[in-house]
Each structure stands twice: as structure tokens, then as C-alpha cells.
Amino acid sequence: MDGIEYLLSNINSINGIGAKTASLFKKKNINTIFDLLWNLPRDFVDRGSIYSINQLEIGKVQTLKVLVKKYNFPRIRNLPNRVTCEDPTGKIDCVFFNSYEGYIRKILPLNQEVTISGKINFYNKKYQIVNPNHISSDLNSINKIHSKYSLTDGLNEKKYQKVINEVLKSLPDLDEWLSEDMSNKFNNISWKSSIIQLHDPKNFNQKGNFLNRLIFDEILSNFLISSSIRRKIKKIKKTKKKFDDQPINSVIKKINFKLTKDQLSSIKDINNDLKSDRKMFRLLQGDVGSGKTIVSLIATLNVIYSNFQVALMAPTEILAKQHYSLAQKLFNKNIKIKLLTGKTEYKDRKIILDDLSRGNIDLLIGTHSLFQDKIKYKKLGLIIIDEQHKFGVKQRKKLSDKAGADCDVLVMSATPIPRTMIMTIYGDMDTSIIKSKPKNRKDIKTYSKNEKNINDIIKFVDKQISNGNQIFWVCPLIEESKKVDHQSSIKRYEILKKIFKNKVGLLHGGIDKIKKEKILSQFLSKKIDIIVSTTVIEVGIDFPNANLIVIENANKFGLSQLHQLRGRVGRGSKESFCILMFKSSLSENAKKRINILKSSNDGFKISEEDMKLRGYGDLLGFKQSGLKNFKLADPIHHEDLFILAEKEIKKIEAKNENLDKYLTLLKLYDRADILNDII
Ligand code: ADP
Ligand code: MG
């Protein structure tokens, strides 16, 4: 068995592990030897070094050499026996809850020096160890320093130690995949030594070359895949789109606002891609309400005038409809635009498919149904995907392949994330970012309110309605649950209906699609004024008339999610509000988080702060992105290593290096299969 095979082999190939023990490891998601290496120590025990009492650390297991000074055996039920010990620097009590006097006198003889070991507590202004677990006058009889791992029922510490020690002892030497330069940066520490150091109890919570190297490996393996996809796509030659500014200018004349600087530069990026002879594979990133739709519509024009078709895919029917009516309003009548959704009637659908295959449709707008196998385009030249931040790298690659060489691809995402995360999640694409918001946009005024003041909130809602405005009211759960104390949307709906009668609509995951769309269009046409919902109301829908969003149990949401929810109002020029409701008074930490939201309307800043507080894994929608696979790397805390990896990738690309050298790395981090897919 060569090195990598050993690492990827089943855990039961380790000496002494049978099917039964293997099944215990499986419970902890440890299947292979490699998995075992990533069950990281959660603490360590150091019984080997002797500490004096003035060096003790509360909560740690430590060993000390002390003199037994005084017994205290209270002989009262429930009161423990105590033995006071000392060394030249202080005093400590050994506390025994269930041990007999005779036993205690035997192991801790008065006026003798003993070595004790256990977890250090501080109680009643005194150090103490409860039931010290190793007592001996001979240090050598104490099991020295070792790492502690999280275990599971049936898998005890001793057994676990045996297994991990065995594995660490037989770790294979792997051929170095890092370049000499990089390896030097980490002081030439090998992968194997890094892993050994990672498990060394002395390194617990320590940083160093060993850790940086392992983090770098992980980032590099991710970037290598994106890079090879990007390289492959960049090689694809396509028919250039012909270019003319006239149609763009005619659309710009029709809109009643000035495009922002970032909108203009994104349009320029896209246009340059379209007119080049290489396939476009671009991400357009911009906070909610930053104006991506108009950018994407402008992008379609020259594609259409070059006699290609365009497909624009929105995540929901209602959003598709909005894009459709906007395009109809802005585009010249000779451009043929159609809407195709799951709801399109069979006979209309048939006509659309027929027209599409004959090239009688220029722009097709719809939902995911646009890419079903049955749908044949005559000459597809551009695909635009709106709000699909849940598309993983594999799905994007598939989409690009399916679209064919002449078809450019533009993906739009509304989740503002730091650059390191863009590099990680969208490393296969070129990116354009819209950071600046439209000038007329007023910041959304954000308040936090205790639920006790619900009557004030209702008065405020009433005032907004009489001013002709509309309201979103968001609750975290669908139905009342005894376990979770969230306000249910159904209950809130009932309450609001009593006050505002038939002006209230309800939306949650349990309501079927047709009804949902109906409620949303009633809201759009102002037949209802309030929508009570769980978080199902999609990002992206443009309701310029909604200017107030109330969010109950706001502390149950992440900041980025609150920001996204808040972004559903304030899309017009009206003054807009967001009220965050809380059940009880806020903790200091919660106040800090809410203050970030109150003081900023910048999604990029909010997401960064949020990640600092909660870790990147919680960030909206990124669970499926593959980022979760990182074992050590963190885009916020290891920014320098991400940038280092980016530079290294550029060098690899410049040399047009073959990826064979990195195959072991990719196999280890379970990315080799993606590579197989793309080569
Ligand atoms: P998103 O980026 O979230 O998709 P939209 O494209 O839906 O945002 O735009 C939100 C609103 O802002 C729309 O009503 C749109 O007409 C308007 N808008 C877009 N660009 C500008 C601009 N430069 N100035 C003023 N309003 C704009
Ligand atoms: Mg949008």
C-alpha cells in the first residue's frame, strides 16, 4: 500500500481495530485513517510537569508536589472530606466526596510529600482539586502529557489514544507538493511532520509553521480546482459578439436614474468579455438593491443584436415576471421577449419552445425550467443566472459545458462577502463587484424594540399604511412550537388580521406555490398592505412601495440574514424602516451585533463583522458551497494565507504547470474527483 492509499484506507485496517470499534469511530464520522487525523485534540492533559501552587491555571489538569498539612473530616452527610496541602508558594485543598477516612489517610499521609494531579478549581477563595486522580510519591508512575479527543459512548480515552498513536507512528512520507518557494516559507516542514505536530499536546492551541502549512494546503487544494476550471474555460474560443453602443444608449435614456460608477464599470467588464473571442464566465456581485438587474439587461442587448439568444433565469416566478415586464418596458419592440415558468400553460409553452428552436425568440426569461433537456435554443449566446449563490462549482461547470462554446455565462449574487470568500467560492469565475449604492437610496432606519411595546409598533404600522406604504412582517417559525419560543407566523397573522382585516396576507413554506404567487401579486398590486411571513419571502423581489419590515425574534437570525431581510424594503426613494423585535432585554454581545446593523447599511461590512463574531459557516447560503469542507482554513482569520495561495496559483498558471504534482494533495482533500470531471 503506498502512502496515500494507506491514509485513505478504512479505519479497520489499523491493527487492533475490529468491526465493532470501527463502527464506534463511524459514529464520529471517522471512516478513513485520514478522517481520524482531522479529529483534532480538544484539550490536553499534562501530568508530566510539576507546577507550583502559584502557577496553577483554573480548569486545567495539572500535577503538583505538595506537603500534606491538615485533615478535615466533618462527618456530616453531604459535606466532603478535605485535606489541606501546601508548597512554599501556597495552599490547596484535596476534596473527597465519596472516600473513606481510612483510605484518605493512607494515600495522603500527614506531613509527607506527595505528588497529586487533577483538575484545578477555585472555590471559596481557595485552590482545590476534587477527587485527585493520580496520587503517588513517585512521578514516574504518572502517565505523562497527552492530547485529549472528543470521544463517543463505548470509545474510551485509552483505546482512542492507542489508535491515534499507532496511526501517527505509521504516517507515510508523501512526496512534497509545495513549490520550493512555498516550502521555504513554512520552514520546509513536511505534511507528515505538520500532522504530527498538530496532534502533539505541547502544541495545543499553538500557531506555527506546522499549522500554517496545513491551512495553506487546504486553501491551495481548493484554489487548484477553481484555477483549472478557469484555465479550461479561458481556452474556449467563441464567436465574438458584434458591438454597438446605440442600443445601450437608447435603454439608458429610458431609465429615470443615472447608473452608478460600479454599475458602469461592471457593464464595461461584461461588454469586454462579450466582444472578446474567449468565453465569458463572470460573477456579478452586489448587495441587495445595488441595481444588478439593469446591468444584466443591458448586457443582453449586443448579444441579441449579434443574432444570438439570451436566457435569463430567476429563482422565482414572481421575480422572473418582474424582469420580464422591465425588459418589455425598456427594450425596443423589435426584440422578441418571452416568459417561461412552471406555470406557463401547456399550449403556450409548446409555442414558446417551437419559436425558441426556430430562433423567433431573442430573450427568454424564466425560472429553472429554462434549462430542461427538452428546451432547445437555436443559438444561445448568453446565460444569466440571478441570485444563485447556492450554485456550487460543479453545477456551474456543468452549466457552462451544456451552454456550449459560443455561450457566455453571467452569474449574479446578492450576498456580499469578503474577497477571500469570493476567491474560495467563485475562484473559477472572473468577478465584477457593485459596491456603491444608487444615490437616491436612503439608509434604512433600524430600531430595536422589546416585544412588550408591540402596541407602539402596531401604531407605527397603521401610520405607514395610511400614508400608502406597505409592510413586511417576518417571524422565524411556521407553527407555534412548545420547545422553541419563536413567534409563529400563523399566530401573528391571526392577531394582525383582527386589526387590519383583509389587508393582511400570510406566507410560509407550507403554503403552495400557486397561492404564494397570488399573495405576492396581491401585495404588488396593493390589494393587501401587510405580508406576514417566515423567511420564505425571496431575496430580490422589487417592492418599491414596501417601506417597513418588522422582524420578530431578531436575535435568532444572523446579521447578514437580517441585512438581506432588511434589503426587501428601501428600494424606492421613500424613507424606510426596519424594526427588530426582541423577547427580552439583550445580552451585551447581542447589543454589539445589533449595533453593527443599526450603524451600517453596507452589506460587505456587515458580513465581515458577522463572520468575525460567528464564524463564516453560519453565513447565509454557504453551507452548500463547499466552503464548509475546510477543516482549518478560515477566510476571515487566515486572510494572509488566502492571499499567499492566490499568488501561488498565479505562478502555477503562468508556468502552465501540470496538476499531476498536486494529485496527492487533491486526493487527500477529496477534490480529485472534481478534477476528473473537468479534465
Ligand atoms: P438587486 O441588485 O438587488 O437585484 P435591483 O436591480 O432589483 O437590485 O434594483 C433595485 C432598485 O433600484 C430597482 O427599483 C431599480 O430600478 C433601482 N435602481 C437600479 N440602479 C439604480 C440607480 N443607479 N439609481 C437609482 N435607482 C436604481
Ligand atoms: Mg436582483
Side-chain angles (χ1 to χ4, degrees), residues 248-249 251-270 282-300 312-331 365-368 383-391 410-417 431-444 469-470 472 520 523-524 537-547 549 560-576 578 601-604 606-607 620-621:
I248 296 184
N249 290 336
V251 163
I252 288 181
K253 259 189 220 135
K254 280 192 200 160
I255 52 179
N256 53 359
F257 49 77
K258 251 183 94 185
L259 292 171
T260 62
K261 183 173 102 309
D262 289 353
Q263 281 175 316
L264 288 169
S265 73
S266 302
I267 291 173
K268 202 168 152 202
D269 289 345
I270 295 167
R282 182 170 289 278
L283 169 74
L284 176 61
Q285 235 227 346
D287 202 352
V288 270
S290 60
K292 295 183 290 295
T293 313
I294 187 70
V295 172
S296 68
L297 289 181
I298 287 175
T300 64
L312 169 59
M313 175 166 112
T316 60
E317 225 152 284
I318 190 123
L319 203 50
K321 259 190 220 155
Q322 280 199 330
H323 292 344
Y324 174 68
S325 41
L326 184 63
Q328 274 188 323
K329 205 171 88 188
L330 295 179
F331 287 4
I365 299 177
T367 48
H368 54 273
I383 292 177
I384 301 169
I385 301 192
D386 188 9
E387 311 282 8
Q388 280 294 342
H389 52 257
K390 284 174 186 126
F391 255 39
L410 179 68
V411 173
M412 300 198 278
S413 160
T415 313
I417 46 172
T431 48
S432 299
I433 300 181
I434 307 184
K435 274 210 158 155
S436 49
K437 292 250 171 84
K439 280 224 167 55
N440 66 351
R441 201 61 45 85
K442 294 202 181 84
D443 279 354
I444 301 162
N469 299 325
Q470 289 173 294
F472 285 113
L520 286 172
F523 191 65
L524 264 180
I537 41 169
E538 281 78 11
V539 214
I541 307 179
D542 205 18
F543 295 103
N545 209 41
N547 80 326
I549 183 162
S560 300
Q561 204 177 4
L562 289 173
H563 176 70
Q564 292 263 342
L565 284 169
R566 179 170 71 170
R568 279 158 214 188
V569 302
R571 293 181 152 235
S573 50
K574 283 183 184 180
E575 171 143 65
S576 305
C578 169
N601 268 291
D602 176 350
F604 285 92
I606 290 167
S607 80
L620 189 68

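All values derive from a computational prediction rather than experimental measurement. Side chains included, hydrogens not; waters and symmetry mates left out as well; all remaining heavy atoms used. Read the numbers this way: they start at 1 and go in the same order the structure lists the ligands and their atoms.
- Every residue meeting the side chain to side chain contact (heavy atoms under 4.5 Å, CB included) condition with Asp269, not counting sequence neighbours, appears here in chain and number order: Arg282, Ser432.
- Tyr324 meets the ring-ring contact (aromatic ring centres under 6.0 Å, His included) test with no other residue; sequence neighbours excluded.
- Salt bridge Lys292/Asp386: absent, no basic N to carboxylate O contact under 4.0 Å.
- Among the candidates Ile270, Leu259, Thr293, the single residue satisfying the side chain to side chain contact (heavy atoms under 4.5 Å, CB included) test with Ile298 is Leu259.
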Test log, rule side-chain contact (heavy atoms from CB on, under 4.5 Å), inputs Ile434 and Gln263:
CA-CA 6 Å; Ile434 307 184; Gln263 281 175 316; 4.1 Å; yes

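- For the pair Gly291 and ligand 1, the shortest N or O to N or O distance falls below 3.5 Å.
- Heavy-atom proximity to Lys258, at under 4.0 Å, picks out these atoms of ligand 1: 22 (C), 23 (N), 24 (N).
- Backbone and side-chain nitrogen or oxygen atoms of Gly289 are examined, and one is located within less than 3.5 angstrom of a nitrogen or oxygen of ligand 1.
- Near Thr260, with a cut-off below 4.0 Å to any heavy atom, the atoms of ligand 1 are 23 (N).
- Looking at Gln263 next to ligand 1, an N or O pair under 3.5 Å apart turns up.
- Close approach to Val288 involves these atoms of ligand 1, each under 4.0 Å from a residue heavy atom: 3 (O).
- Heavy-atom proximity to Thr293, at under 4.0 Å, picks out these atoms of ligand 1: 4 (O), 5 (P), 6 (O), 7 (O).
- No more than 12 heavy atoms of other residues, nucleotides or ligands shown are found within 6.0 angstrom of NZ on Lys258.
- Remark: distances from the non-hydrogen atoms of Pro544 to ligand 1 are all 4.0 Å or more.
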